[in-house]
Number of protein chains: 2
Amino acid sequence: MADLYAWTDGACSGNPGPGGWGVLMRAMEGDTIVKERELKGGEAETTNNRMELLAAINALEALTRGTAITITTDSAYVKNGVTGWIHGWKRNGWKTSNKKPVKNVDLWQRLDEAQRRHKVTWEWIKGHAGHPENERADELARAGMEPFKPAKAK
Amino acid sequence: MADLYAWTDGACSGNPGPGGWGVLMRAMEGDTIVKERELKGGEAETTNNRMELLAAINALEALTRGTAITITTDSAYVKNGVTGWIHGWKRNGWKTSNKKPVKNVDLWQRLDEAQRRHKVTWEWIKGHAGHPENERADELARAGMEPFKPAKAK
RNA sequence: AGACACCAGUUACC
DNA sequence: GGTAACTGGTGTCT
């Protein structure tokens with residue numbers, strides 16, 4: 001009867017540039033961590049927002065069966081998008097409020113699909129505010145980015 | 001035998017609200033800038049489109065004798081107005097296609113008059129797209145607006 | 001329905 | 001200082 005939590009974060013060196021995403025997942029029984037799992041990945045040429053999105057997507061896609069999970073992100077873009085904006089976008093053919101095409105549609109649709117089977121509670125926290133789990137997700141994102149950074153000159 | 005160019009821009013804080021206009025003028029001989037001149041101004045209560053219009057008007061009114069000049073704006077309103085819509089408006093008594101009175105008639109007529117003596121080539125560029133001259137005109141517009149902004153609190 | 005501009009706000013990434 | 005993204009709004013025309 002464990003509760004599932006995920007903290008997600010993205011990092012990007014350049015924006016656009018090499019980027020990475022990281023996820024810290026935990027199964028909790030009360031205050032006890034009964035299971036922990038870490039995911040990370042990266043790309044050579046991407047943006048901060050794509051990495052934030054991909055972190056959340058990977059958290060959800062890592063779930064094997066339909067469950068309840070609380071996902072915590074420091075990205076207002078992801079949190080507001082998935083809990084609010086996306087409903088309007090599906091209605092109006094993925095246009096923003098200024099009639100421009102929504103960016104990163106591929107990932108928003110993948111996130112929407114990944115979310116479908118689960119009962120997700122989305123939370124937002126301020127970044128760099130001393131949340132240990134958010135900081136761990138940040139480390140993972142940076143680690144995920146590492147292989148895609150251009151070889152140091154030196 | 002220098003070629004004349006002007007870049008114009010407007011800015012407006014509030015719309016309607018305090019606004020400014022800016023003009024960068026250049027006389028070029030080939031790739032060489034042989035002369036440069038900057039104009040700016042503002043008003044306490046105006047609109048973005050009036051400022052865009054006034055920038056173009058001031059560029060033309062600054063010319064002493066009839067000449068050829070290329071004016072570059074990022075405003076589709078000004079560019080399309082002066083090169084297209086205005087002909088219809090003069091014919092039909094300054095009504096829009098919906099029979100409404102054309103807005104800013106005073107400035108459209110002043111622009112038309114200012115243009116009469118010259119051979120103007122109108123160009124349009126996308127704003128905020130990294131055109132240095134457009135960015136300079138933008139700075140001038142903001143500077144022109146400055147004296148008309150309400151005194152800072154604090 | 002379309003286009004351009006102007007403004008206000010929010011978060012993140014550098 | 002910049003980019004990546006979104007929300008809300010007005011000024012104007014076709």
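Within every chain, numbering begins at 1; the chains are lettered A, B, ... in the order of the sequence lines, protein sequences first and strands thereafter.
- Every side chain to side chain contact (heavy atoms under 4.5 Å, CB included) that Thr83(A) has, sequence neighbours left out, goes to Lys79(A), Trp122(A).
- In this structure Ala62(A) satisfies the side chain to side chain contact (heavy atoms under 4.5 Å, CB included) test together with Met25(A), Arg37(A), Leu39(A), sequence neighbours excluded.
- Within a heavy-atom distance below 4.0 Å of RNA chain C, no residue of residues 96-116 of chain B is found.
- For Glu38(A), the salt bridge (charged side-chain N to carboxylate O under 4.0 Å, His left out) test picks out Arg136(A), with sequence neighbours left out.
- In this structure, Asn58(A) CG and Lys40(A) NZ are separated by 12.5 Å, a value rounded to the nearest 0.5 Å.
- At least one side-chain heavy atom of Trp94(B) sits less than 4.5 Å from a side-chain heavy atom of Ile86(B).
- Shown here are the ring-ring contact (aromatic ring centres under 6.0 Å, His included) partners of Tyr77(B), two or more places apart in sequence or in another chain: Trp108(B).
- Of the residues in residues 72-90 of chain B, those with a non-hydrogen atom less than 4.0 angstrom from any atom of RNA chain C are Asp74(B), Ser75(B), Ala76(B).
- How far CG of Leu107(B) is from OG1 of Thr47(B): 8.5 Å, rounded to the nearest 0.5 Å.
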Contacts under 3.5 angstrom, residues 3-23 of chain A side chains, donor-acceptor by atom type, not counting sequence neighbours:
residue	atom	partner	partner atom	Å
Asn15(A)	OD1	Asn48(A)	N	3.0
Asn15(A)	ND2	Asn48(A)	OD1	3.3

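- Taking the 5' to 3' direction, DNA chain D first and last meets chain A under 4.0 angstrom from a heavy atom at dT3(D) to dG8(D).
- Heavy atoms of Gly19(A) sit nowhere under 4.0 angstrom from any nucleic acid atom.
- In this structure, the side chains of Glu133(A) and Arg26(A) come closer than 4.5 Å at one or more pairs of heavy atoms.
- Remark: Arg116(A) pairs with Glu113(A) by the side-chain hydrogen bond (donor to acceptor under 3.5 Å, both in side chains) rule, at least two apart or across chains.
- Leu54(A) places a side-chain heavy atom less than 4.5 Å from the side chain of Glu43(A).
- Remark: Glu123(B) pairs with no residue by the salt bridge (charged side-chain N to carboxylate O under 4.0 Å, His left out) rule, at least two apart or across chains.
- Salt-bridge check for Arg110(B) with Asp106(B): failed, with every basic side-chain N at 4.0 Å or more from each acidic carboxylate O.
- The backbone N or O of Gln115(A) lies less than 3.5 Å from no partner atom in the side chain of His118(A), so there is not a single donor-acceptor pair.
- The closest side-chain heavy-atom distance from Val34(B) to Met28(B) is not below 4.5 Å.
- Heavy-atom distances under 4.0 Å link DNA chain D to no residue of residues 129-143 of chain A.
- Once you apply a 4.0 Å limit to the heavy atoms of chain A, the touched nucleotides of RNA chain C run 5' to 3' over C4(C) to C14(C).
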